[in-house]
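These notes are about the structure you will find just below.
Side chains included, hydrogens not; waters and symmetry mates left out as well; all remaining heavy atoms used.
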Amino acid sequence: MTVVALIFFVFARDLAGLLARNQAVLDETTRYLRFNMFSEPFMALSAILGGALQGAGDTRGTLKVVGICMWLIRLPLAWFSRSSCSMAHQASGWQWSFRCAYRVY
C-alpha cells in the first residue's frame with residue numbers, strides 16, 4: 001500500500017491531468033492526491049490494527065478509538081479549518097483534519 005501511495009504521490013500531477021484540463025482544477029486535484037497519498041500508509045495501518053483488535057474480540061476498544069478520532073479530532077479540526085481558512089484553502093484544511101485523525105489511530 002505504501003509503494004502504491006508513493007507512486008501516486010510522485011505522479012499526482014500526471015494522474016490529475018487525466019481527469020482535469022482547467023489549471024485551477026488540476027492544481028487542486030494534484031494537492032488533494034498528494035495529501036491523501038501521504039496519509040494512506042496511516043489509513044492502512046489503522047485498518048489492519050482495527051481488524052486485528054476486532055478479530056481478537058476487542059470490539060469496544062476499536063469503537064472507542066474510532067469514535068474519539070472521528071468526533072473529538074477529525075470533525076472539530078475540519079470545522080475549525082473551514083471557519084478559519086479562506087475559500088481557496090478550505091479543501092486543504094479538511095484534508096489536514098483527516099490526516100491528523102488517522103495519525104492518532
Closest approach of [X] to [Y] (non-hydrogen atoms, all atoms of both residues):
X   : Y   : result
G17 : L26 : N-CD1, 3.4 Å
A16 : T29 : CB-CG2, 3.6 Å
E40 : A5  : CB-CB, 3.8 Å

First locate atom NZ of K64, then atom CG of L53, and finally report the distance between them rounded to the nearest 0.5 Å.
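Here the rounded value is 12.0 Å.
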
Measure the CG-CZ distance between N36 and R31 for me, rounded to the nearest 0.5 Å.
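N36 atom CG to R31 atom CZ measures 12.5 Å (nearest 0.5 Å).
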
Whichever hydrophobic residues join I7 through chains of side-chain contacts under 4.5 Å:
V3, L6, V10, F11

Out of curiosity, does V25 fall in the hydrophobic cluster containing Y32 (side-chain heavy atoms, cut-off under 4.5 Å, transitive links)?
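Y32 does not cluster with V25.
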
Could you tell me which residues satisfy side-chain hydrogen bond (donor to acceptor under 3.5 Å, both in side chains) with D27, sequence neighbours excluded, listed by chain and number?
R13, Q23

Pair L15, F8 - check side chain to side chain contact (heavy atoms under 4.5 Å, CB included), show working.
CA-CA 8 Å; L15 293 169; F8 268 68; 3.5 Å; yes

